[in-house]
Structures are given as C-alpha cells and as structure tokens.
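Values below: every heavy atom of this structure, side chains too, minus hydrogens, waters and symmetry copies. In this chain, residues are counted from 1 in sequence order.
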Amino acid sequence: MQTNLSEVPALSDDHIYFIPLGGTGEIGMNLNVYQLNNSLIAVDLGMTFADESLPGIDLLVPDPEYLVKNKKKLLGLLITHAHEDHIGAIPYIWPELQCPIYATPFAGELISQKCNEFSNIENIPLNIVSNSKPIKLGPFEISYIPITHSIPEARSLQIKTHLGTLVHTGDWKLDKDPLIGPKTKEKTFRTIGKKGVIAVIGDSTNAPQEGWSGSELTVKKTFLELFQNKKGTIAVTHFSSNIARLVSIISSAHSVNREVVLVGRSLKKYFNAAKKTGVIKDLRVLSEEEGKNLHPDQIILVCTGCQGEPRAAMSKLAGEYHPCLSLESGDTVIFSSKIIPGNEKPIAVLKNKLNQKGIKIIDENFKGVHVSGHPHKDEIKELYSWLKPKAVIPVHGENRHLQSHSNIALDAGIQTSPIIKNGDILKIAPGKVEVVCSIQSGKLAVDGSRLLKVNHPSIKRRNKLKENGIVLVAMAITKTGRLLGEVSITGHGIFDSEDETLLINKARILAMRIINEDKKLSIFCAQNTKEKIRLALKKFFKDHYNKKPRIEVQLILTKHTHI
C-alpha cells in the first residue's frame with residue numbers, strides 16, 4: 001500500500017535508498033532516485049505514449065511529486081542516454097525541479113533542442129560530461145562508463161558512496177562489433193567489480209530472451225544483401241534514434257549505388273545531432289526534394305513510423321499523401337525494428353495498406369534485419385560475472401521482465417534480487433536490502449500546455465463522452481418561466497441518422513412540458529427546472545438507446561418578452 005507523501009516516515013541517516021518513480025513494472029517513462037542522508041540524485045527523466053483510454057492525450061510522464069517536495073535536496077539529474085523514454089519528460093518536469101542536468105554531448109544536444117521548443121525554459125543548467133572525470137554531488141561520486149546500446153554515447157553510471165559502490169546500467173548490450181562508438185570495455189567493469197559492488201540496478205527489457213542480442217554488423221551485412229537484389233524503391237523504417245542502424249543503411253546503400261533520403265522530422269533531428277557532435281562524419285543524405293527526381297532503382301527512403309504511427313512518414317507513404325515521394329507496386333518496405341507491445345494493431349493496419357498497394361514487406365521475422373539494443377540472458381550473466389554484485393535490482397521492464405532478470409541474477413549466485421515497483425523505497429545499504437515503505441507515484445498526462453493526473457475529472461469526462469456521447473440543450477426563458485423561442489437540442493455521438501429528427505422533437509416536447517408545468521408554480525426556480533430537464537432527458541435517452549449520454553442544459557434568463 002502506498003503512503004501519502006505527507007505521511008512518509010523519516011528515512012534513516014547514513015543509509016542508501018533507491019526509489020523508482022517510473023520505468024519499473026513498465027516499459028518507458030524512466031525516473032529513478034538515489035537518496036543518502038539529505039541528498040538526492042535523479043537518473044533519467046523519460047516519457048511514454050498514451051493509449052486510447054486517455055482521449056486527447058499523446059504523452060505520459062512520471063509524477064515527480066516526491067522530487068518536487070524534496071527539490072532543495074536534489075543535487076542533479078543524470079542522463080544515461082538520449083532515448084525519449086529517458087529524456088522526453090525533461091521539458092515538462094524540469095521547470096518544477098530547477099536542478100543541474102548532466103549528459104554526454106549527443107544527449108545534451110538533443111535535450112537542448114527539446115528545451116528550446118518551450119518558451120518557459122531558459123538557461124537550463126546543462127553540464128556536458130566526459131568519460132574520465134567523475135562528478136561529485138554531495139555524498140555521491142558518479143562516473144560515466146561507456147557501454148553499447150542502440151543509440152550513441154550510452155552510459156552506465158558508477159555511483160560511489162562511503163557505504164559502497166552502485167552501478168546503474170542504463171540501457172545496454174554487449175555488441176562485439178558496434179558500428180558507432182567503442183565496444184563495452186570488459187576491463188573497466190572487471191576493475192569496478194574487483195573493488196566491490198553492493199548493488200547493480202539493471203535493464204530488464206530482454207531478460208526473458210535466450211542467448212545474445214546480436215551485433216549491428218550482422219544487420220549491416222543483411223542490408224547489403226537485400227539492397228543488391230531488389231528493384232524499385234526501397235523504404236526502410238526503424239527507430240529514429242538508432243544512429244548505428246542509419247549508418248548501416250547509408251553505407252550499404254552507397255555500396256550498391258543508391259542514394260538515401262531521410263523522411264520524417266525525428267530522423268533528421270537525430271541525424272543532425274549526431275553530425276553536430278561528431279558521432280558521425282562524411283555520410284551523405286539527400287533532401288526529399290532531391291530524392292523525388294531520382295529513378296526508383298537509385299533511391300532508398302529511411303522513414304519514421306516503424307510502430308505504425310498514423311502521422312509518421314511511413315503511414316503517409318502507405319496512404320499516398322506524402323507531398324514529394326511515393327511507393328508503387330513492386331517496391332519494398334523493410335521494418336528494421338521489433339513490435340513494441342501494444343502497437344500490434346497500428347502496425348497491422350500499416351502493413352495491410354502496403355499489401356494492398358502490392359508492396360513487398362520484410363520485417364523482424366527475416367533473420368538479421370533487426371537486433372535489439374537490450375541484453376539477452378547470456379549478456380546479463382556475462383556482465384554480472386565481471387561486476388560480481390551483492391544485489392541486483394531489476395528495473396526497466398514489465399513484471400515478467402523483472403522476474404526473469406531476478407531469476408538470472410539468483411542463478412548466477414547473486415545474494416538477493418528483489419522485485420520492486422514504482423514508488424517503493426528500497427534500502428540498499430547498510431544491512432539487508434529491503435523495501436521500507438512505498439510512496440505515491442504515478443503518471444501525468446501531457447494535455448496541451450498542462451500536466452494532469454491520469455484520473456483528472458476532465459479526462460474522465462472525455463471517456464464518458466467517447467463512450468456515450470453528449471446532448472446539448474439550450475433555451476431562453478423569462479424570470480417567470482415563459483419560454484422565448486424554441487428549445488434547441490443537438491447531439492454528438494448519440495443519434496442514428498434515420499431517427500434523429502423524430503427523437504429530437506420528442507426530447508424538445510419533453511423539455512417544454514417541464515417548463516410549462518414549472519411556470520405554474522407560485523415561485524419559479526430556474527435551477528430546479530434546469531435539473532428536472534437534465535434528469536428527464538437522461539432517462540429519455542436511456543430508454544431509447546440504453547445509453548447515458550452527458551446532458552448539458554443551458555438556460556438563459558432574460559427580462560425581454562421576445563427574442
């Protein structure tokens with residue numbers, strides 16, 4: 001049971017606590033807190049996408065109430081890498097925290113771009129970190145350790161305290177042939193392990209998967225084979241942040257004398273950030289305008305929208321409403337990505353559209369067209385053989401991922417590996433690793449320029465409108481109850497076209513009957529009449545449709561005797 005923040009017991013001095021506020025028990029929306037004495041550091045601040053249960057909401061961010069309440073103790077926000085589920089909430093939540101941010105050059109560039117789009121964020125204290133110089137924040141000394149992932153400059157964090165050393169892995173894998181950045185340095189992690197690690201807080205995303213995740217070099221070889229044997233336009237869609245994948249596509253395309261066109265805003269954003277920070281050099285891409293003049297056999301389109309997003313480039317090309325480019329029968333689309341759980345339906349819709357146009361589809365079922373950026377079982381075992389931690393805390397995954405990760409750790413001889421959830425306050429040291437209490441945590445919905453609790457009344461009302469529709473009633477009457485003009489009734493999401501006129505007339509007669517009855521009373525009360533009409537119409541539509549639409553009655557009192 002979660003405790004209200006005002007009732008949280010005082011945490012003991014000289015103890016290390018770990019508090020996940022997002023990303024544990026779920027994929028995305030990562031926010032983790034470490035606390036020692038009166039000092040806190042936060043790791044990552046990400047977002048996730050809303051589903052259809054939240055009408056009008058696209059993005060969700062973690063509820064930062066615990067950090068806001070303790071903002072004077074918050075020494076910094078440490079970013080492990082630049083994926084949206086690790087940095088996407090910064091523009092929405094950082095103004096409430098006002099703490100320094102620490103990030104690598106590539107992540108820092110993307111954070112700056114995001115914050116520049118918000119008028120309420122100025123002079124954000126962004127500190128660009130190196131791999132060699134530790135960061136001293138109160139009782140914490142943090143070192144950024146390079147590790148391989150599907151985005152440039154991914155980092156694990158070595159967090160030293162006088163009570164022991166922690167390792168926060170971030171997102172990672174052990175790619176023996178990465179195309180961007182160095183290989184994970186086994187020697188560095190072994191050295192950390194020899195000095196003693198009291199706990200690893202680790203990525204669980206692919207913990208249920210056997211073996212190894214595979215190398216990006218394999219994908220590059222697969223692209224080269226596919227590109228050599230295809231005629232017509234080739235379109236590849238993948239996660240925009242996967243710069244290594246983009247490098248694979250571009251270099252393979254140039255090897256077979258094809259030009260590459262980036263189609264989609266986020267792809268261009270990540271590509272430009274990688275060029276600006278020196279992550280990639282000397283790679284040529286064309287604009288969409290330049291690409292439209294090429295023969296289909298000369299072009300490869302790299303598109304956003306691998307998860308079936310309706311406004312992304314891939315969906316536009318499938319639906320024939322891209323302004324410059326097109327796909328025709330006989331062309332090929334390659335989905336170089338896995339399906340994120342929950343996106344099965346929009347991806348199926350997208351693939352159906354492509355099939356109907358006679359376009360060939362190659363997806364993750366084709367061996368070598370995609371490898372994950374997260375570790376499988378054998379990679380997790382390998383890392384823990386280097387670090388030899390006393391405890392492993394699974395994060396970044398749904399419960400089944402956490403459980404698999406915990407089982408791997410225990411099988412590897414780790415002393416303890418508790419399954420925790422967002423809001424748990426876990427004591428790591430000294431003594432037994434255990435949850436001491438749980439605090440309120442949750443999600444906030446990005447609703448235009450404001451953040452709302454996901455159970456906010458306005459969102460609840462939207463769901464009711466979505467399910468049952470709305471009926472709007474408007475009328476003008478005198479203070480004595482005389483109706484002026486007609487009762488206006490309109491409905492949205494409720495009427496069938498064939499019976500709309502008949503039912504509106506019946507509803508109007510019902511409202512007028514109530515007004516005429518009430519004006520005969522010795523004292524006419526407009527509010528009482530308004531409520532009677534609302535309840536009568538509610539019952540009326542329940543009887544006809546077995547639905548309860550929202551009934552909004554607007555009753556205008558006027559001194560005039562005519563309109």
Side-chain angles (χ1 to χ4, degrees), residues 21-23 27-32 42-50 57-64 67-68 71 74 76-129 144 149-155 170-171 238-243 246 262 264-280 304-307 309 311-313 340 373 396 443-452:
L21 297 177
I27 299 291
M29 208 180 69
N30 296 280
L31 173 57
N32 297 289
V43 177
D44 294 328
L45 188 52
M47 46 71 70
T48 191
F49 293 104
I57 303 298
D58 293 325
L59 303 179
L60 298 173
V61 298
D63 189 337
L67 286 180
V68 173
K71 63 186 295 184
L74 181 60
L77 171 61
L78 302 150
I79 301 301
T80 62
H81 65 285
H83 275 143
E84 286 295 304
D85 60 331
H86 294 259
I87 67 170
I90 290 175
Y92 303 102
I93 292 177
W94 181 84
E96 296 291 323
L97 304 178
Q98 297 288 323
C99 64
I101 300 177
Y102 298 85
T104 64
F106 180 72
E109 172 63 22
L110 289 164
I111 291 168
S112 295
Q113 288 182 22
K114 294 178 74 68
C115 291
N116 287 340
E117 297 173 1
F118 287 71
S119 59
N120 65 326
I121 300 179
E122 295 181 1
N123 301 318
I124 188 169
L126 182 60
N127 301 275
I128 302 302
V129 300
Y144 272 56
H149 185 40
S150 58
I151 195 170
E153 298 178 353
R155 299 292 184 262
D171 292 3
H238 68 92
F239 297 109
S240 300
S241 59
N242 194 336
I243 298 299
L246 184 59
L262 303 186
R265 181 174 175 269
S266 62
L267 264 170
K268 297 169 187 175
K269 178 185 72 173
Y270 279 105
F271 180 78
N272 290 334
K275 288 190 67 175
K276 185 174 181 179
T277 56
V279 171
I280 56 175
T304 58
C306 65
Q307 298 303 300
E309 301 94 321
R311 293 191 292 271
I340 296 175
H396 201 300
K443 301 177 177 70
L444 299 179
V446 179
D447 188 42
S449 61
R450 60 181 181 165
L451 296 177
L452 302 177

For S150, all residues meeting side-chain contact (heavy atoms from CB on, under 4.5 Å), sequence neighbours excluded: H83, N242

Residue K275 excluded, over 12 heavy atoms near NZ under 6.0 Å: no

Straight-line distance of Q98 CD to I124 CD1, nearest 0.5 Å: 8.5 Å

Sidechain N-carboxylate O distance under 4.0 Å for E117, R265: yes

Worked verdict on I151 versus F239 for side-chain contact (heavy atoms from CB on, under 4.5 Å): CA-CA 10 Å; I151 195 170; F239 297 109; over 6 Å; no

Minimal non-hydrogen separation, G108 against A103, with atom names: N-CB, 4.0 Å

Nearest heavy atoms of A273 and Q113, plus distance in Å: CB-NE2, 4.1 Å

Working for side-chain contact (heavy atoms from CB on, under 4.5 Å), residues I243 and F106: CA-CA 11 Å; I243 298 299; F106 180 72; 4.1 Å; yes

Side-chain touch L451/V446, heavy atoms, less than 4.5 angstrom: yes

Spatial distance of atom CZ (F49) from atom CD (E309) [nearest 0.5 Å]: 6.5 Å

Minimum heavy-atom distance between S241 and P152, given as atom pair plus value: O-CD, 4.1 Å

Value rounded to 0.5 Å, distance of CE in M47 from CG in L59: 4.0 Å

Spacing of H81 atom NE2 and L110 atom CG [to the nearest 0.5 Å]: 11.5 Å

Residue pair D63 / L21, side-chain heavy-atom distance below 4.5 Å: no

K71 side chain vs E96 backbone, donor-acceptor pair below 3.5 Å: yes

Rounded distance (nearest 0.5 Å) linking atom CG of L126 with atom CH2 of W94: 10.0 Å

Over all atoms of both residues, closest heavy-atom pair of A42 and L74: N-CD1, 3.9 Å

I111 and its side chain to side chain contact (heavy atoms under 4.5 Å, CB included) partner, picked from I79, L45, L77: I79

For the student: nearest non-hydrogen atoms of G305 and A312, plus distance: CA-CB, 3.4 Å

Any residue meeting ring pair (Phe, Tyr, Trp, His ring centres under 6.0 Å) with H238, in chain and number order, not counting sequence neighbours: none

Those residues that, when tested against Y92, pass ring pair (Phe, Tyr, Trp, His ring centres under 6.0 Å) (two or more places apart): F118

Value rounded to 0.5 Å, distance of CD in E84 from OG in S240: 9.5 Å

Side chain H86, main chain D44, donor-acceptor under 3.5 Å: no

Note, L444 side chain near P64 side chain (heavy atom, < 4.5 Å): yes

Heavy-atom side-chain contact between T80 and L78 under 4.5 Å: no

Chi angles and distances behind the side-chain contact (heavy atoms from CB on, under 4.5 Å) call for I87, K114: CA-CA 9 Å; I87 67 170; K114 294 178 74 68; 4.0 Å; yes

Expected output: side-chain N30 to main-chain D85 donor-acceptor under 3.5 Å: yes

Test log, rule side-chain contact (heavy atoms from CB on, under 4.5 Å), inputs I27 and I340: CA-CA 9 Å; I27 299 291; I340 296 175; 5.5 Å; no

